[in-house]
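Scroll down for the structure; my scribbles are underneath it.
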Amino acid sequence: MVETLEKERINIYHKRNTCFVGIDMHKDTHCAVVIDCWMNKLGEINFENRPSRYPAFVEDVRKICGTKEIVFGLEDTRGFGRNLAAYLVGRKFEVKHVNPAYTSAVRLANPIIYKDDSYDAYCVARVLRDMVDTLQDAKHEDIFWTIRQIVKRRDLIVKGNVMNKNQLHSQLSYSYPSYRKFFAMIDSKSALCFWENYPSPEYIWNTTPEEIYLTIKPVHQALKIQRIHEIISMIERDGDTRKDYQPERDFIVRNIVKDIRHNKELIAEIDDELRKLIPLTGYKLHTMPGIDLVTEAQIISEIGDINRFPDSDKLARFMGLAPVQFSSAGKGKDQRCRNGNRALNAIFHFMAIQMVAISASGKPRHPVFREYFEQKVKEGKNKPQALVCVARRLVRIIYGMMKTKTEYRPFEKVDGKN
């Protein structure tokens, strides 16, 4: 008891001699507000988001704070505030990452709600003062930041290609009503070659099956001339699909095909870069069945340095996989968490689905996880709840693999559990 009181006394003394600097981050300019432990506003600084302006900013903060210690709180340490955070950390300042949800809650708690850069920075400073002991330190390992940027770039290109394929579906349905039966995938190499050379049936009637076969054969070695005849028969059964401005429609199809092909090349280049970068982290998540290069990169980009989580339970709470207690007057129950890192939550949810899936042959893809899933169902959990249990188990295993930087070892206990 005495020891606890002594710690609290030291903590209060430390806060009384500390200035809290909340910074609202923007692309071109930042706004900083300095407060003391009693939430009195000591000063405000507006400065450009350029490294050449950072020394003057730090000097201004020192003038406001005097001999007191300084703690910085930044809302956006992965985006616009990353350079400033790296600068401050490099100069041995204490820098904390402030979740925007916390500052939003402080702003909304005000009886008169308003919003500007100065008040946003003040809210950041208030959160920093109240939660300085629990907020995460702003750490900046360049390799994790780089992987995150590459993954974001890849996701953007993939989304663009989904849009392209949807447009291609729409355009082909006018000229080739039976186009879905031509090839297994609309964006396969053989399919793209066909759409580019024969965007409408008019091009088919101006050539021969043999010429079509020779055109597609270089990109589809297993292609048979019989398949070309089958495609032509389907086109004949579709009837006359010619429309006005057909050359312009053909131009659209060819343009979409070029865009899809180009994006696929960009994705291949990005995957090559990821294959070079990921081994430098020391993580070996790809050794676990069900985790490919892209999934591994996504997990690493969201988690970053695993050492910022003291145990797997903290990681589970970070992604919203741990239950939350809702109670009042001593009554209540654990409920599903709707907060946390939803991107990481989705990754583990889909991984759990893959782990318990049954293959076309009727065998489970991963017998151990399937058995664990069925065990949870027998215990009385419904399937969504059982999937959460599987995802939670995946968190423990992946946390252990990242913490020790080891390969996946089946049937080995992680965190004291199977």
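Residues: numbered from 1 along the sequence shown.
- Between D250 and Y245, the side chains place no donor N or O within less than 3.5 Å of an acceptor N or O (distance only, hydrogens not considered).
- Residues that satisfy the salt bridge (Lys or Arg N to Asp or Glu O under 4.0 Å) test with D137, not counting sequence neighbours, are K96.
- Of the possible polar contacts, none joining the K189 side chain to the P218 backbone as a donor-acceptor pair under 3.5 Å is found.
- Using a distance-only test at 3.5 Å, with no hydrogens or angles considered, no donor-acceptor pair links the side chain of N83 to the main chain of P51.
- A search for side chain to side chain contact (heavy atoms under 4.5 Å, CB included) contacts involving S233 returns R237, not counting sequence neighbours.
- For the salt bridge (Lys or Arg N to Asp or Glu O under 4.0 Å) test, no residue two or more places apart in sequence or in another chain qualifies with R317.
- The backbone N or O of L285 lies less than 3.5 Å from a partner atom in the side chain of E296, making a donor-acceptor pair.
- Not a single donor-acceptor pair under 3.5 Å links the side chain of K243 to the backbone N or O of R249.
- No side-chain heavy atom of L387 sits under 4.5 Å from any side-chain heavy atom of K383.
- Proximity of H262 to K258: side-chain heavy atoms (C-beta onward) are nowhere separated by under 4.5 Å.
- With N345 contributing its side chain and M319 its backbone, the two residues share a donor-acceptor pair below 3.5 Å.
- Residue pairs meeting the ring-ring contact (aromatic ring centres under 6.0 Å, His included) criterion with at least one partner in residues 275-318, sequence neighbours excluded, are F309-F318.
- The main-chain N or O of M39 is found under 3.5 Å from a side-chain atom of Y122 such that the two form a donor-acceptor pair.
- In terms of modelled atom types and a separation under 3.5 Å, the side chain of R308 and the main chain of I303 share a donor-acceptor contact.
- Shown here are the side chain to side chain contact (heavy atoms under 4.5 Å, CB included) partners of I252, two or more places apart in sequence or in another chain: Q171, I256.
- Residues H26 and D24 have side chains that bring a donor and an acceptor to within less than 3.5 angstrom of each other.
- Within 6.0 Å of atom CE in M163, 12 or fewer heavy atoms from other residues, nucleotides or ligands are found, so the atom counts as exposed in its surroundings.
- Side-chain N/O atoms of Q375 and E371 include no donor and acceptor closer than 3.5 Å.
- Under the 3.5 Å distance criterion, the side-chain polar atoms of T287 are matched with a main-chain donor or acceptor of Y408.
- Salt bridge absent: E374 and K378 never bring a charged side-chain N and a carboxylate O closer than 4.0 Å.
- Scanning for salt bridge (Lys or Arg N to Asp or Glu O under 4.0 Å) contacts around E196 gives R261, with sequence neighbours left out.
- Remark: the backbone N or O of D187 is paired with a side-chain donor or acceptor of K264 at under 3.5 angstrom.
- Put simply, the side chain of T18 does not reach to within 4.5 Å of the side chain of C37, judged on heavy atoms.
- Using a 4.5 Å cut-off on side-chain heavy atoms (C-beta onward), F47 and V58 make no contact.
- Under the 4.5 Å side-chain criterion, counting only non-hydrogen atoms from C-beta, F183 is in contact with W195.
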